[in-house]
**Student:** 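To start, I am sharing the structure in question, which I have written as structure tokens.
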Amino acid sequence: MLDKQQLKEITDISVPKIIERMQHEEICGIVATTKESMIPASLVSALLCLPLYSIDNGKLIKVQYTLENGGTRAGRYIEREGKFLVIDIENNQQSIEKMSAITKDFHYVDCNLGGEIKCQDKSRENEEATIVIINHESTLTGAPIFMQDMANWIQENCEVKVIFLDSFPNDLYKLNEEIEVIYYNGNHTDLLYHLRKIQPFLIYANSLSPMARIHYFYEEYLPRTIFHFHECVQDLTEFTLGEDELYKVFKKAKAIFYVAEAIKENMINLIQNNLWYDANDHLEDKFHFCPEFIHPRRIKEIKENDIDRPDNERPLIGMCGVNSMRKNFDLFLDIAEANPHMDFIWIGANEPIKSDLDNFTCIESCKNPYAYFNKLDYFLLTSLRDPCPIVVLENMLLNKKIILLDKNIRYEHNVSELENVYVIPDHDDDGFVITDYLKTIDMNTKQNTTNKNSEYIENNFSSPKVKDTLLCYIRQEEE
């Protein structure tokens with residue numbers, strides 16, 4: 001047992017040290033007998049559940065514990081930057097000014113102090129089969145928009161209930177009325193709470209969702225989870241998951257969807273070179289080709305922007321995306337600087353791109369980028385790595401002329417079926433090399449004369465290519 005002095009000390013040290021101390025001293029319970037010890041007693045009792053519930057910064061957790069005399073107390077604590085800053089215990093309230101603004105309770109933990117700590121199971125059995133779609137962030141960028149389209153497609157084509165677990169409250173998405181939307185506020189503890197409450201029979205998650213990034217908290221749900229990888233393996237292993245962690249996700253997940261064949265090759269190389277690789281696991285059988293698609297309803301909405309417009313005085317070249325290093329806005333600016341006789345516009349920046357160039361314009365993130373796409377003569381994808389960018393599909397749908405950089409885009413479109421779609425080889429991400437290639441194209445302001453590009457998208461990218469496999473998974477789980 002910890003005495004009151006130890007309990008006092010424990011509130012002043014960081015979370016990792018608290019966990020380390022608990023493991024070292026094999027704490028199994030703490031008796032709270034006085035007001036002075038009530039606060040740290042509830043704190044330490046709740047901390048004993050940390051292996052089950054990760055506590056994210058600034059989130060409020062509610063704890064209930066039993067006193068020696070049989071009474072109960074409700075306590076709350078909040079953790080920020082690794083230290084516990086606020087304790088609020090009913091009548092014996094201790095808080096900071098912003099305490100009243102924090103209202104959401106996440107997990108309820110029953111603690112009989114001095115004995116075994118038991119966590120309430122808040123899950124419920126569903127009255128109907130439920131699929132949960134987990135969106136990793138609330139933006140209008142490619143992967144989140146894909147999840148909106150996938151949620152609508154599943155709801156329309158499968159006799160199941162669909163719940164869309166979105167990251168933060170927003171009005172960005174147009175989901176079917178039958179789809180229930182729940183926000184987990186970017187907090188994996190809240191996400192875990194909702195999964196336990198819903199108990200879905202199938203989960204469809206972006207590869208950047210917490211379920212992949214910190215998969216060890218979601219062990220019980222991985223066998224029923226389809227992960228959709230919209231990213232290159234290089235980005236996942238460098239910035240999100242190490243190779244070993246990614247291998248574990250592959251091994252435990254129900255299925256892996258990938259958006260380009262080049263991504264699959266990288267995935268297979270990764271697992272076969274892994275120390276724990278066992279050919280008998282047949283992990284490759286879990287991999288299914290599923291490039292991005294555009295839901296028919298969204299196709300209709302995008303094409304409403306395909307209106308006649310006068311030709312531009314000078315060729316207008318556009319790119320779309322957040323201004324990240326991967327999207328390579330520096331290369332876009334280099335090309336703009338090398339071509340002062342043409343105009344360049346970056347659409348969808350998350351913050352203004354500073355430039356002194358007279359022929360460059362930046363449009364920040366907006367709900368209808370397609371009106372700007374329609375004004376373009378060419379869409380130029382400058383990304384260093386982009387598996388199967390939806391923004392390319394959207395510009396093809398609007399019948400734009402397209403310029404792609406070989407090897408940088410992983411999905412290989414059949415350019416022989418398309419009009420004025422160019423793939424620049426041997427570019428080395430060099431603005432001058434790309435400029436030399438542009439001179440061979442005869443850049444102009446004429447619009448395409450056929451509907452080949454638009455028809456190509458409607459014929460090949462208006463439903464998920466993996467729909468038969470997906471329907472098979474859903475029927476298996478229902479049975």
Side-chain angles (χ1 to χ4, degrees), residues 294 299-321 328-329 331-348 355 357-363 366 368-383 386 389-406 408-409 411-427 430-462:
I294 306 175
I299 285 177
K300 181 181 178 182
E301 292 171 354
I302 292 172
K303 293 192 71 172
E304 289 174 355
N305 294 275
D306 186 10
I307 57 177
D308 291 334
R309 60 167 179 79
D311 290 344
N312 295 312
E313 293 183 6
R314 309 189 323 166
L316 178 61
I317 296 91
M319 168 62 182
C320 180
N328 213 355
F329 64 89
L331 176 60
F332 191 78
L333 291 175
D334 288 345
I335 299 170
E337 185 175 9
N339 294 273
H341 58 290
M342 294 187 280
D343 294 315
F344 293 78
I345 181 171
W346 187 285
I347 304 160
S355 173
L357 296 175
D358 294 332
N359 64 334
F360 172 76
T361 303
C362 176
I363 303 296
C366 55
N368 185 22
Y370 315 112
Y372 294 100
F373 293 170
N374 190 55
K375 297 177 182 179
L376 301 178
D377 294 303
Y378 297 85
F379 180 82
L380 168 61
L381 185 77
T382 56
S383 301
D386 235 334
I390 290 180
V391 69
V392 170
L393 307 184
E394 292 168 339
N395 274 274
M396 286 184 181
L397 183 63
L398 289 170
N399 229 36
K400 297 292 107 181
K401 294 176 279 189
I402 309 291
I403 302 171
L404 306 172
L405 303 182
D406 189 32
N408 291 28
I409 182 171
Y411 189 92
E412 295 183 6
H413 292 282
N414 189 352
V415 296
S416 64
E417 298 180 10
L418 304 168
E419 182 181 8
N420 291 317
V421 175
Y422 307 93
V423 181
I424 303 179
D426 305 320
H427 50 81
D430 187 313
F432 292 105
V433 173
I434 294 170
T435 294
D436 288 340
Y437 185 91
L438 297 183
K439 292 176 182 177
T440 68
I441 294 178
D442 182 28
M443 303 284 283
N444 60 71
T445 60
K446 296 178 182 178
Q447 300 181 52
N448 279 335
T449 58
T450 73
N451 290 319
K452 285 184 178 180
N453 295 356
S454 181
E455 291 172 356
Y456 170 75
I457 297 303
E458 293 192 61
N459 292 336
N460 296 284
F461 295 91
S462 59

**Student:** At their closest point, which heavy atom of T435 faces which heavy atom of A338, and how far apart are they?
**Tutor:** OG1-CB, 3.6 Å
**Student:** So which heavy atom on L398 is nearest to which on K303, and how close?
**Tutor:** CD2-CA, 4.4 Å
**Student:** Check whether any side-chain heavy atom of F344 lies under 4.5 Å from a side-chain heavy atom of N339, and answer yes or no.
**Tutor:** yes
**Student:** So, do P425 and Y437 sit near enough that their side-chain heavy atoms are less than 4.5 Å apart?
**Tutor:** yes
**Student:** Is the shortest heavy-atom distance from the side chain of N395 to the side chain of L381 under 4.5 Å?
**Tutor:** no
**Student:** What heavy-atom pair brings R314 and P340 nearest, and what distance separates the two atoms?
**Tutor:** NH1-O, 3.1 Å
**Student:** What are the two closest heavy atoms between F379 and L376, and how far apart are they?
**Tutor:** CD1-CD1, 4.1 Å
**Student:** Before you tell me yes or no, could you show the steps for K375 and I347 under side-chain contact (heavy atoms from CB on, under 4.5 Å), namely the whole-Å CA-CA distance, both residues' side-chain angles and the distance that decides it to 0.1 Å?
**Tutor:** CA-CA 12 Å; K375 297 177 182 179; I347 304 160; over 6 Å; no
**Student:** Should the heavy atoms of other residues, nucleotides or ligands under 6.0 Å from CG of D358 be counted, would the total exceed 12?
**Tutor:** no
**Student:** Answer yes or no: is there a side-chain heavy-atom contact under 4.5 Å between I409 and V423?
**Tutor:** no
**Student:** Would you sort out whether Y456 and H413 count as a side-chain contact (heavy atoms from CB on, under 4.5 Å), showing the intermediate values?
**Tutor:** CA-CA 10 Å; Y456 170 75; H413 292 282; 2.9 Å; yes
**Student:** Is any side-chain heavy atom of I335 closer than 4.5 Å to a side-chain heavy atom of L438?
**Tutor:** yes
**Student:** Count the heavy atoms of every other residue, nucleotide or ligand shown that sit under 6.0 Å from CD of E412, and state whether that count exceeds 12.
**Tutor:** no
**Student:** OH/Y422 to CD1/I402 distance, rounded to the nearest 0.5 angstrom?
**Tutor:** 11.0 Å
**Student:** Rounded at 0.5 Å granularity, tell me how far CD in Q447 sits from CZ in R309.
**Tutor:** 4.0 Å
**Student:** Quick check for you: to the nearest 0.5 Å, what is the distance between K446 atom NZ and D311 atom CG?
**Tutor:** 9.5 Å
**Student:** So which heavy atom on V391 is nearest to which on C320, and how close?
**Tutor:** CG2-CB, 3.5 Å
**Student:** Could you state the interatomic distance from CG (D306) to NZ (K400), rounded to the nearest 0.5 Å?
**Tutor:** 7.0 Å
**Student:** Take the angle between the ring planes of F360 and F332 and call it parallel below 30°, perpendicular above 60°, tilted in between.
**Tutor:** perpendicular
**Student:** May I have the step-by-step check of side-chain contact (heavy atoms from CB on, under 4.5 Å) for H427 and N408, ending in yes or no?
**Tutor:** CA-CA 10 Å; H427 50 81; N408 291 28; 3.2 Å; yes
**Student:** Mind checking whether F461 and M396 have side chains closer than 4.5 Å, heavy atoms only?
**Tutor:** no
**Student:** Supply the atom-to-atom distance D406 CG to D426 CG, rounded to the nearest 0.5 angstrom.
**Tutor:** 7.5 Å
**Student:** What distance separates I345 CD1 from L316 CG, expressed to the nearest 0.5 Å?
**Tutor:** 6.0 Å
**Student:** May I ask you to check whether F373 and Y370 place their ring centers less than 6.0 Å from one another?
**Tutor:** yes
**Student:** Do D343 and N312 have side-chain N/O donor and acceptor atoms under 3.5 Å apart?
**Tutor:** no
**Student:** Might you work through the side-chain contact (heavy atoms from CB on, under 4.5 Å) test for L405 and L331, ending with a clear yes or no?
**Tutor:** CA-CA 12 Å; L405 303 182; L331 176 60; 3.9 Å; yes
**Student:** Just wondering, do N448 and K401 contact through their side chains at under 4.5 Å, heavy atoms?
**Tutor:** yes
**Student:** Can you find a pair of side-chain heavy atoms, one from N444 and one from D377, that are under 4.5 Å apart?
**Tutor:** no
**Student:** Run the side-chain hydrogen bond (donor to acceptor under 3.5 Å, both in side chains) test on Y372 and N374 for me, step by step, so that the C-alpha distance in whole Å, both residues' side-chain angles and the decisive distance to 0.1 Å come before the verdict.
**Tutor:** CA-CA 5 Å; Y372 294 100; N374 190 55; over 6 Å; no
**Student:** So with a 6.0 Å cut-off around CD of E337, is the heavy-atom count from everything else above 12?
**Tutor:** no
**Student:** How far apart are the closest heavy atoms of L380 and M319, and which atoms are they?
**Tutor:** O-SD, 3.3 Å
